[in-house]
Amino acid sequence: KIETYGTAGHFGIEAMYQHHEDVFPKKQCPAPMPPKYLLKDISLSNYYQNSANNLSFDAIQPGSNLVYDFVSSHLNAVKSAIRLGLNLFFPLAFENVQNVIEKQPDTELRLQRDPNAPLTPEGLKEGYTPEEMADVVYSQLILIGFVQNLAPLIFIVGHGSNTVNNPYFATYGCGACSGRPGSANARAFAQMANNSEVRKLVEHKYGLKIPDGTHFVAAFHDTTKDVVKLFETHLIPEKLQKSFVKFKSYLSLALYKNAKERCQFFKRVTYRKIGKDAQKEVIRRSVSLFETRPELGHSNVTFSIVARRNLTFGLNLNRRAFLQSYDPTVDPDGKLLAASLGAVIPVTSGINLDYFFSRVDNMRFGAGSKLPQNIVGNFGVSHGTESDLLFGLPFQMIDQHQALRLLVLVEQKPQIALSAIQSNPLVRQIVYNNWIYYAAICPDTRKFYFFKDGQMILTNLSESSL
């Protein structure tokens, strides 16, 4: 049996993240959320250190083999030209078409912090104490209602996108990670949840026991290629290997079906049947230099549903909904709902409004066509020789989008649903100013209530209307 839970892709990690190759750390939590921690990835090899130690001025002193350098540089140029030609005309030549990949990171994510360590110059804590890790793990599990019958294997899957022809990096990444890939957050959460000291603290402080036989695995879903990378699978206990192999087969099938479903939205492939080649098609689109619509992103996003997954089980939501798991039975006062909406509403409404306004008036609020654009300083784009920076989405991402404002539906009693949005000033502002529609379905009566003029108003809809 496999159950799926949805949550914001930062997994409660309110941090900046710095890979060992990065000069500066990057924000890995929702844009309105101030980061409190700094996480660093440390290289497991001494390559960079040895390279730095071996670097000397002898390499460029007179007397070097100039002929060798000349020939070598020209050979590299020829190799680059050949590779460019292959990428242009045979984009899959260098790509692995496998959709489930086991990847062992060549870095170590340093999580643990000395409680007496000083703050960084930016005022961040470098790493977490075990107590802080326990708070993160418990808050995420209770937030999605996953506190009973924990499975032996739990996969923490972040998401992002890798495309060649795409200056719009953030629009294809994880909104809850400020537009960046969520793989670092997934790795951090899995590492926290597998820590024996953290598990003891979770049980002692919150009464939640994570079974000794439960193992968390970090993963990353590339939503353009429909490829999933599984990290540190060598740490999975031997007794869980059979279940792991079976899960990989199910995952591979799900990725293939997802790729096949996505292909029906791509105009270029609608005239021919996409079956076994669906996986190749989506991967080809991600690496093709000619492709201006590699993914279509969140095109046609319309709903954000914060509820138990059985509310929507069996429904075809046509790729239009964000699904945040939430169990009202473990949240009688609505505090968990308020915490969840604090991330869900700013992130999903921001994505929806970005598409909405870019579609309503693409030349004024969007970015026009991708084709004549120039990248400016890695922070904006402009058209040809025009100097104005464009801040919306290009036509190639929104031409199929229907401009509808987001409907956020929560499973909770109407008064609790109302108090949940009132407790957060940013969420209150978004809902009260009608930037989104807000509704609740009562878990007891299954009746619908819509927000209007500061109240939750009963409607004639019923659950069967879904």
Side-chain angles (χ1 to χ4, degrees), residues 5-19 22 24-41 109-115 117-144 146 156-160 170 173-195 197-198 201-202 205-206 208 216 218 220 304 306 322 324-326 331 335-351 420 423-427 430:
Y5 291 79
T7 189
H10 69 302
F11 303 112
I13 309 292
E14 303 174 8
M16 304 285 285
Y17 166 72
Q18 186 171 8
H19 189 268
D22 293 338
F24 302 106
K26 299 171 183 175
K27 192 173 182 180
Q28 290 288 140
C29 56
M33 184 180 290
K36 302 174 184 176
Y37 302 90
L38 173 63
L39 299 181
K40 287 187 175 181
D41 241 336
L109 194 58
R110 295 286 171 87
L111 285 182
Q112 192 132 340
R113 174 183 102 250
D114 181 348
L119 300 178
T120 68
E122 296 77 22
L124 302 174
K125 302 174 182 178
E126 192 168 331
Y128 289 75
T129 63
E131 291 78 10
E132 291 167 338
M133 293 185 203
D135 293 338
V136 171
V137 171
Y138 176 75
S139 65
Q140 283 301 295
L141 295 179
I142 189 69
L143 200 65
I144 61 177
F146 191 31
I156 310 297
V157 187
H159 77 93
C174 174
C177 297
S178 290
R180 297 183 174 88
S183 50
N185 300 63
R187 289 175 58 203
F189 187 88
Q191 192 171 322
M192 291 178 183
N194 284 328
N195 187 306
E197 184 179 359
V198 170
L201 287 168
V202 169
K205 189 174 180 179
Y206 298 107
L208 172 61
F216 291 77
F220 173 72
S304 184
V306 184
F322 297 104
Q324 165 74 43
S325 295
Y326 167 73
D331 186 31
K335 288 183 179 179
L336 294 177
L337 179 61
S340 180
L341 295 181
V344 169
I345 286 183
V347 170
T348 58
S349 67
I351 293 170
S423 62
N424 186 313
L426 178 59
V427 171
I430 293 171

Where is the tightest heavy-atom contact between [X] and [Y], given as atom of each residue plus distance?
X: Gly182; Y: Cys177; value: CA-SG, 3.8 Å
X: Pro30; Y: Ser178; value: C-OG, 3.9 Å
X: Ser340; Y: Val306; value: OG-CG1, 4.1 Å
X: Lys27; Y: Met16; value: CA-SD, 3.5 Å
X: Pro130; Y: Gln112; value: CG-NE2, 3.6 Å
X: Ala343; Y: His10; value: CB-CE1, 4.2 Å

Tell me whether [X] contacts the main-chain N or O of [Y] through its side chain, where contact means a donor paired with an acceptor under 3.5 Å.
X: Asp41; Y: His19; value: no
X: Asn194; Y: Ala190; value: yes
X: Ser325; Y: Gly6; value: yes
X: Gln191; Y: Leu109; value: yes

- Item | Student check: side-chain heavy atoms of Ile13 and Cys29 closer than 4.5 Å | no

- Query: Do Ile351 and Phe322 come close enough that some side-chain heavy atom pair is under 4.5 Å?
  - Reply: yes

- Message: Pair Leu208, Leu141 - check side chain to side chain contact (heavy atoms under 4.5 Å, CB included), show working.
- Response: CA-CA 10 Å; Leu208 172 61; Leu141 295 179; 3.9 Å; yes

Measure the [atom1]-[atom2] distance between [X] and [Y] for me, rounded to the nearest 0.5 Å.
X: Leu38; Y: Gln28; atom1: CG; atom2: CD; result: 11.5 Å
X: Ile156; Y: Phe220; atom1: CD1; atom2: CZ; result: 15.5 Å
X: Ile144; Y: Gln324; atom1: CD1; atom2: CD; result: 8.0 Å
X: Glu197; Y: Thr129; atom1: CD; atom2: OG1; result: 9.0 Å
X: Ser349; Y: Leu426; atom1: OG; atom2: CG; result: 7.5 Å
X: Leu39; Y: Arg110; atom1: CG; atom2: CZ; result: 12.5 Å

- Message: Pair Asp331, Tyr326 - check side chain to side chain contact (heavy atoms under 4.5 Å, CB included), show working.
- Response: CA-CA 9 Å; Asp331 186 31; Tyr326 167 73; 2.6 Å; yes

- Item | Residue Lys26 excluded, over 12 heavy atoms near NZ under 6.0 Å | no

- Which residues pass the ring-ring contact (aromatic ring centres under 6.0 Å, His included) test with Tyr37, sequence neighbours left out? Tyr128

- Message: One pair to check against side chain to side chain contact (heavy atoms under 4.5 Å, CB included): Met133 and Leu201. What are the steps and the verdict?
- Response: CA-CA 9 Å; Met133 293 185 203; Leu201 287 168; over 6 Å; no

- Query: Going by the angle between their ring planes, with limits at 30° and 60°, are Phe216 and Phe189 parallel, tilted or perpendicular?
  - Reply: perpendicular

